[in-house]
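This is a predicted model, so every value here is computed, not measured.
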Amino acid sequence: MAKAKADASVKEYPVEFGGVSIGDSTARLGLKFDCKVMSVKVASDLLCGTRLSVKAILARPGEENGQAFIPGTEDAALEIEASVDVKRFSVSPKNITAGLTFQVKGLDVEALSHFAKRSGRLQILDVQEIPEEEAGDEDEE
């Protein structure tokens, strides 16, 4: 069984979602974090060889990134809750980028498509290591 890499408390980060790509069995959603909200150490713990339980929350048009909304309102933000794999991250002077890999089976692909090139928040609910037998080599994908 995979062992936890970080504490179990929920972490929430404002993000810019990147492109969405859909394959036969997996889908990928790009992410960009501002280095002001996530350190390289935290990125190493959360975004490198991990299986995350996440909730991706799409900001509504005109909503500032990170702005709270009232739960239960008619136009509540679009959310996707899923288990995703994150194999690596990249760092630049201003941003940390990574990609969430979803299993297509059971995923609302149409809802995921709305996240492309938009802003929102990422809640990280749980962090596990990807089991060695599944990790494989990134270049083989």
Side-chain angles (χ1 to χ4, degrees), residues 1-69 71-141:
M1 176 159 230
K3 122 181 151 178
K5 281 189 82 171
D7 68 66
S9 62
V10 175
K11 297 158 190 66
E12 184 170 318
Y13 300 95
V15 295
E16 295 297 322
F17 296 109
V20 173
S21 59
I22 312 293
D24 291 336
S25 61
T26 62
R28 185 180 183 282
L29 173 62
L31 295 175
K32 180 168 59 173
F33 300 87
D34 189 305
C35 284
K36 293 176 186 172
V37 300
M38 180 181 282
S39 69
V40 174
K41 167 66 174 120
V42 170
S44 178
D45 290 344
L46 298 177
L47 305 175
C48 192
T50 56
R51 179 160 293 153
L52 306 175
S53 293
V54 299
K55 184 185 290 186
I57 305 164
L58 187 63
R60 296 172 295 179
E63 179 180 60
E64 292 291 322
N65 201 353
Q67 173 182 345
F69 64 93
T73 58
E74 289 180 39
D75 60 346
L78 178 62
E79 300 178 357
I80 294 179
E81 190 166 342
S83 177
V84 298
D85 287 351
V86 185
K87 294 195 176 179
R88 63 182 178 186
F89 68 96
S90 298
V91 180
S92 71
K94 292 184 181 182
N95 300 304
I96 294 172
T97 58
L100 304 179
T101 301
F102 298 81
Q103 293 298 312
V104 170
K105 185 177 181 180
L107 177 67
D108 184 346
V109 174
E110 195 274 330
L112 182 66
S113 70
H114 291 282
F115 284 77
K117 307 294 182 181
R118 302 267 307 272
S119 63
R121 298 182 309 281
L122 184 72
Q123 289 182 350
I124 299 175
L125 309 170
D126 188 47
V127 182
Q128 301 289 319
E129 290 180 2
I130 297 174
E132 283 187 37
E133 62 273 8
E134 294 180 36
D137 185 357
E138 179 80 12
D139 296 332
E140 291 178 10
E141 292 181 12

- Decide yes or no for L122 and I57: does some side-chain heavy atom of the first lie under 4.5 Å from some side-chain heavy atom of the second? no
- Least distance between heavy atoms, I130 atom then V86 atom: CD1-O, 4.1 Å
- Residue pairs, two or more places apart or on separate chains, that pass ring pair (Phe, Tyr, Trp, His ring centres under 6.0 Å) and touch residues 90-134: F17-F115
- Item | Test side chain to side chain contact (heavy atoms under 4.5 Å, CB included) applied to A111 - qualifying residues, sequence neighbours left out | L78, I80, D108
- Task: Only counting residues at least two apart or in another chain, list the ones meeting salt bridge (Lys or Arg N to Asp or Glu O under 4.0 Å) with K36.
- Result: none
- Message: Just to verify, what does R51 make a side-chain hydrogen bond (donor to acceptor under 3.5 Å, both in side chains) with, not counting sequence neighbours?
- Response: D85, E134
- Message: Quick one, V54 and L125 - any side-chain contact, counting heavy atoms below 4.5 Å?
- Response: no
- Looking only at heavy atoms, what is the nearest atom pair of S119 and L58, with distance? O-CD1, 3.6 Å
- Query: Are any of the side-chain heavy atoms of S90 and T97 separated by less than 4.5 Å?
  - Reply: yes
- Indicate yes or no: at least one non-hydrogen side-chain atom of P14 is less than 4.5 angstrom from one of V37. yes
- Message: Ignoring hydrogens, what is the shortest heavy-atom contact between F89 and A98? Give both atom names and the distance.
- Response: CB-CB, 4.2 Å
- Item | Under 3.5 Å donor-acceptor, R28 side chain and I22 backbone | no
- Task: Please list, chain by chain and in numerical order, all residues satisfying side-chain hydrogen bond (donor to acceptor under 3.5 Å, both in side chains) with Q123, sequence neighbours excluded.
- Result: E12
- Any residue meeting side chain to side chain contact (heavy atoms under 4.5 Å, CB included) with V42, in chain and number order, not counting sequence neighbours: Y13, M38, S39, L46
- Task: Drop me the distance from S113's OG to L29's CG, to the nearest 0.5 angstrom.
- Result: 11.0 Å
- Query: Just wondering, do V10 and I124 contact through their side chains at under 4.5 Å, heavy atoms?
  - Reply: no
- Do the side chains of I96 and C35 get nearer than 4.5 Å, heavy atoms only? yes
- Sequence neighbours left out, what passes side-chain hydrogen bond (donor to acceptor under 3.5 Å, both in side chains) with K105? Give chain and number order. none
- Query: Can you tell me how far the CG atom of L107 sits from the OG atom of S83, to the nearest 0.5 Å?
  - Reply: 11.5 Å
- Qualifying residues under side chain to side chain contact (heavy atoms under 4.5 Å, CB included), relative to T26, sequence neighbours excluded: T101, Q103
